[in-house]
Amino acid sequence: MQLPPKETLLAMAATETADDDPFAAALAQEPVRGRSLWSDAWHRLLKNRAAVTSGVIMIVMVLMVIFGPMLSEWSGDYTDWDHTAAPPSLETGHWFGTDAVGRDIFVRTLEGGRISLLVGVVATLVSLIIGVSYGAIAGYYGGSTDKLMMRIVDIIYALPFMFFVILLMVVFGRNILLIFVAIGAVNWLDMARIVRGQTLGLKNTEYVEAARACGVGHWAIIRRHIVPNLIGVVMVYVTLTIPQVILVESFLSFLGLGVQEPMSSWGALVNDGAQDMESAPWTLAFPAAFLTITLYCFNYIGDGMRDALDPKDKS
Amino acid sequence: MIPTRLYRHAKGLAAALIAALVLGACGGDENGEGAERSHRPVPVEEVLVDGRPDPGVLAEEQFLVRGNGEEPQTLDPHLAEGVPSSHILRDLFEGLATEAPDGHIIPGAAQRWNISADGLVYTFYLRRDGAWSNGDALVAEDFVFSIRRSADPATASNYATMLYPIVNAREVLAGALPPEELGVTSLDRFTLQITLTDPTPYFLNLLAHSSLYPVHRPSLEQYGDRFSRPGNLVSNGAFMLEDWAIRAYIDLVKNPYYHGADEVILEQVRYLPIEDQSTELKTFRAGEMHWTYDVPNNQFGWLRENYPDELVVSPWLGSYFFGFNTQREPFIDSPDLRRALTLAIDREVLTEKVTQFGELPSFNLVPAGVTDYEQSIPEYAAWTQEEREAEAQRLYAQAGYTAEQPLRIEIRYNTSENHKKVALAIASMWKQVLGAVATLVNEEWKVFLQNRDQQVVTQVFRAGWIGDYNDPYSFLSLFETNHGLNDYGYSNSTVDTLLEEIAKERIPGRRRRMMQETERIILEDQPILPVYTYVTRRLVDARLRGWQDNVMDHHYSRSMYLLKARDTSKPARASEEGE
Amino acid sequence: MIQEGIVRHGIGRLVSLIPTLLMLITIAFFLIRVAPGGPFDSEKPLPPEIRANLDAKYHLDEPLVQQYFRYLGQILVLDFGPSYQYKDWTVNELIARGFPVSLTIGGLAMVLAFVFGTSIGIAAALRQNSAVDYGAMGFAMLGISIPNFVIAPALILLFAVYAGWLPAGGWDWSVQRMILPVVTLALPVIAYIARLTRGSMIEVLHSNYIRTARAKGLPMSQIIRRHALKPALLPVISYMGPATAGLITGSVIIERIYSIPGLGSYFVTGALNRDYTLVMGVVIFYGVVIILLNFIVDLLYAWLNPRIRYDEAS
């Protein structure tokens, strides 16, 4: 079974505890100048053409999937028996053609995009919430708490994720909410590791020690001092996780365990289209283009953000 | 320097791959056509001498490669279930009777047989030259041993229901009687007698089924659970097991001891378990197989255009229908509503535009092609679709549904491209004709089976039946109140009584009329929504001969052979395939 | 000191194998039993007496907890039991035949991915923000932006159907049949490794000691080989642990589309067919593989980065 690919940050997180990570160090050393750090980063990001272009494309993409279907005369579940598996045509109003039962690919691609993006964002948020709290707690308390918590993460890592997702889908049926939770509940492991590494570095900084000396409670310190300083790395992580989650959803669709018809997703559409790539290439080409562009954009934005937040990397 | 050098390579690979992907995505038809046609072999003209091919027209290498869907669950004939196993077992083993290429029953391991006047006692006279693939003689005692093993609870055969007609079979299976009490005895070395509880006109058909194949006792005793491995498996069919690479291939070679070995032309048969239909199609197109298991769903048009000579579509002994759960609202006591939903489906559109492969629109249960039977076709089958829709709307309104208060139901199906398409089409037709709102529920196979069986959450569900044997009873008996597959919650005492009588009836004419009456009542009660009659669809290399369409879709490799390819300047790739 | 730390760490890892596996077994065992349906449910339902015969044969008639302990007992002697679905084979045999296939394909894919991924990454890092950088990374990104189930059929179409150079699929241990699956499997991994390498290489190149080396006038190729490569590969190495585990335990997509008898499909078909023993077998096997690989990664890590010491908790 193929693991969902682990992202850059995870690997880096492993090094960060040993190596002094420049980003964490920067955040840790300059907490007071946070504002200028952020505005610096923002300026650097704006100079990254790939990231900016990707951002613009993604805004357009989001607007399209929200409002695009209204432009077409067809609805996503209408089966046009006069045009089944019809190629793209301006005359029939099927701008992207139709699928095997005559449904409009244009509308379905955009509606599928809603699901894909939603799955990507929501599942990532789920993993974010679990991962940040878990990692921050483990890193902050350290010692045997940390050891135990990280051992649990290690154990869960050895569980074959896809097997559990499949079983969950089987046991609870094809519920879109479940897809969010299932994917998110597995992805949090990476997040937890990264956040823990960062927190370990942060908790020994002067301002945290100062806060502790003033009698500020653990929770308040975690909430007010630790978590805000994690925002940078978390944002990068989020941007890079969304495309992964979208791919995981497409893998579930490949197994026939994706969202329930008549709902669709890019993964499901691409999978259907891949079956007919020769006889009806349009059923593959359009959803695949949307999917690929989106994944590219998220990756470029994520890379751009990471570069922007890493002050050593100015060159 | 190493990285830089590698980097240069990387650039080359990158260029090649991008080119490949771009070509793959848009180059499709035009690019492929010319190149591909060249490795599609065209056979020489067939020359028959006394109904047998002249050796001069035969390909040199008689190596057949057949697609077989998925990995067979087992090669133990008594444990086998599922189509992939049975395809291979038909080549490996031979029952008392077997089937001709057109599907009719012919003598197999038994040379001839007598049936007693009351239809209860079958006496089989085995061939004197019958032999196992290791040279051992095949005798009546082998069959006695095998059929007892098949019925033995310790074997836990899941197709043992095929033995039910035999005296004491039910009791033996339940463990109430020892296997020795089964109504199977050997009268002498080559004579076997089987006694039945009820006259079962289709009993001879069952003899060709794997649960009644013989197994080789000495090797079973020697190897136990491992007797079906290559090297251990001793069989009595036209071929024997040569090699078995799990989920990669199963190779059979000609059995020199087979009684008809002189007439078997193929030297070797390879079964490939290719699950993905698109991959199977590509494998066929690349010239690596002669006979596919299936073809991809949406590509009838493309296949007809590009592979007109290879595409073979023929009726199958199976009905595709949807079931209503008559134990759950809104379908309790509402035959009219079920009728409305049935009438609202345009089967012509469905089979032409959705399933596409020439499935026959169907309004009844028993598929066309069942021997000696005339289907009970309801009168509305002859109406125009407009008339049917008008009547559907009338019945729908009569049941109390309106545009404001539409019928809301769920259609349940198991994960499959084809089921999804049909369910979508039906939901769409209900919406367009009646205004009814149907939600699709796609379930994974085991969940689907359980839900159907429990009859709690189902409303409308995908059903269908492929006949186990060529007789309407295989279809009608599903509607008996206590039948394990009666997932409709259907119960009609007249039908139950009729089915009981049919099982005992010996006179073919009366039996037929009773079966027609049963089918008529079932359709009148409408626990199902018939859609179409299944077809089998596959690609067959034009050089492969010696097979015929048959409704059971049983194709024995023993009668097949490969012709030479016409153009010798371009070597036929398929025949090189054996490496 | 360091040696000792590693040894102790290694023992710790191996000891951690036990609770991990126990938890894995327990979760998987009960979760698969919760799933509706059983291994012997089929389209043609079995008469109760036959069903009872089957349940008795496989001990499915016993209470679940008893089955659980029976299973644990079997695991202790490394007997995964018979497969319910592939009735002629035991789970041990299925794994023994499937794993070499997955290991070969996955291992080759990992080698390919490592070689190309690091090369692309280094090349991009050396010419940061140039056309080469954008081109190489853009290409690498292709591997993670197009799903495998699109790339695989496209490659078959091109190389098997149109060109006729390679077989369309299937498996017989011949090299031709490995090429397309290995390439497909490697593509996304190339992309990840390239991005990781690029990122860490840029970082390393900006570090003081590399600047010093440059200032001394050492040739770039030598700087990279002698000084930059090792530290730059650290994140790649830690990524490779779980990634290799994923690759060598097989991929459902690759196996389905290329019709390859690897281990990956057993996760899915086993779960879908409720082949309890098969699922448990591959799940446990997977768990062991991933733990061992993480251990190997730790060792590699220590070799590449002498600063890491295992006698501290980190």
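In what follows, chains carry the letters A, B, and so on, assigned in the order in which the sequence lines appear, proteins first and then strands, with residues in each chain numbered from 1.
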Heavy-atom distance under 4.5 Å to chain C: side chain of [X], backbone, both or neither?
{"X": "B:Ser278", "value": "neither"}
{"X": "B:Glu81", "value": "side chain"}
{"X": "B:Phe227", "value": "neither"}
{"X": "B:Phe284", "value": "neither"}
{"X": "B:Ala80", "value": "neither"}
{"X": "B:Ile466", "value": "backbone"}
{"X": "B:Leu449", "value": "side chain"}

Return the minimal non-hydrogen interatomic distance between [X] and [Y], and the atom names on each side.
{"X": "B:Trp244", "Y": "C:Trp89", "result": "CZ2-NE1, 3.2 Å"}
{"X": "C:Lys57", "Y": "B:Ala156", "result": "CD-CB, 4.1 Å"}
{"X": "C:Leu157", "Y": "B:Arg285", "result": "CD1-NH1, 3.9 Å"}

Ignoring hydrogens and geometry, is there a side-chain-to-backbone donor-acceptor pair from B:Gln73 to C:Tyr86 under 3.5 Å? no
Check whether any side-chain N or O of C:Asp88 sits under 3.5 Å from a backbone N or O of B:Leu75 as a donor-acceptor pair, and report yes or no.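 Indeed, once roles are kept as given, a pair shorter than 3.5 Å links the two residues.
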Distance check, rounded to the nearest 0.5 Å: [X] atom [atom1] versus [Y] atom [atom2]?
{"X": "C:Leu272", "Y": "B:Trp445", "atom1": "CG", "atom2": "CH2", "answer": "12.5 Å"}
{"X": "B:Gln450", "Y": "C:Arg274", "atom1": "CD", "atom2": "CZ", "answer": "8.5 Å"}
{"X": "B:Arg270", "Y": "C:Asp172", "atom1": "CZ", "atom2": "CG", "answer": "7.0 Å"}
{"X": "B:Asp276", "Y": "C:Ile156", "atom1": "CG", "atom2": "CD1", "answer": "8.0 Å"}

Select one option (side chain, backbone, both, neither) describing which atoms of [X] are under 4.5 Å from chain B's heavy atoms.
{"X": "C:Pro39", "result": "backbone"}
{"X": "C:Arg256", "result": "both"}
{"X": "C:Phe40", "result": "backbone"}
{"X": "C:Phe149", "result": "neither"}

Validation row: B:Glu275, C:Ser259 side chains within 4.5 angstrom (heavy atoms): no
Close side-chain approach of B:Lys446 to C:Pro36, heavy-atom, < 4.5 Å: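 Contact flag for B:Lys446/C:Pro36 side chains = no.
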As an exercise: rank C:Arg97, C:Met220, C:Lys87 by heavy-atom pairs under 4.5 Å with chain B and give me the winner. C:Lys87
Specify which of C:Thr90, C:Thr269, C:Leu54, C:Val101 makes the most heavy-atom pairs with chain B at under 4.5 Å. C:Leu54
In terms of heavy-atom pairs under 4.5 Å, which option from [options] contacts chain C the most?
{"options": "B:Leu173, B:Thr283, B:Asn414", "result": "B:Leu173"}
{"options": "B:Asn451, B:Asp225, B:Asp468", "result": "B:Asp468"}
{"options": "B:Ala248, B:Gly484, B:Pro153", "result": "B:Pro153"}
{"options": "B:Gly175, B:Ser85, B:Ser228", "result": "B:Ser228"}

Regarding B:Arg247 and C:Ser265, is there a side-chain donor-to-acceptor distance under 3.5 Å anywhere?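 Looking only at side-chain atoms, C:Ser265 and B:Arg247 do form a donor-acceptor pair, the distance falling under 3.5 Å.
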Kindly check if the number of other-residue, nucleotide or ligand heavy atoms within 6.0 Å of CZ (C:Arg226) is above 12? no
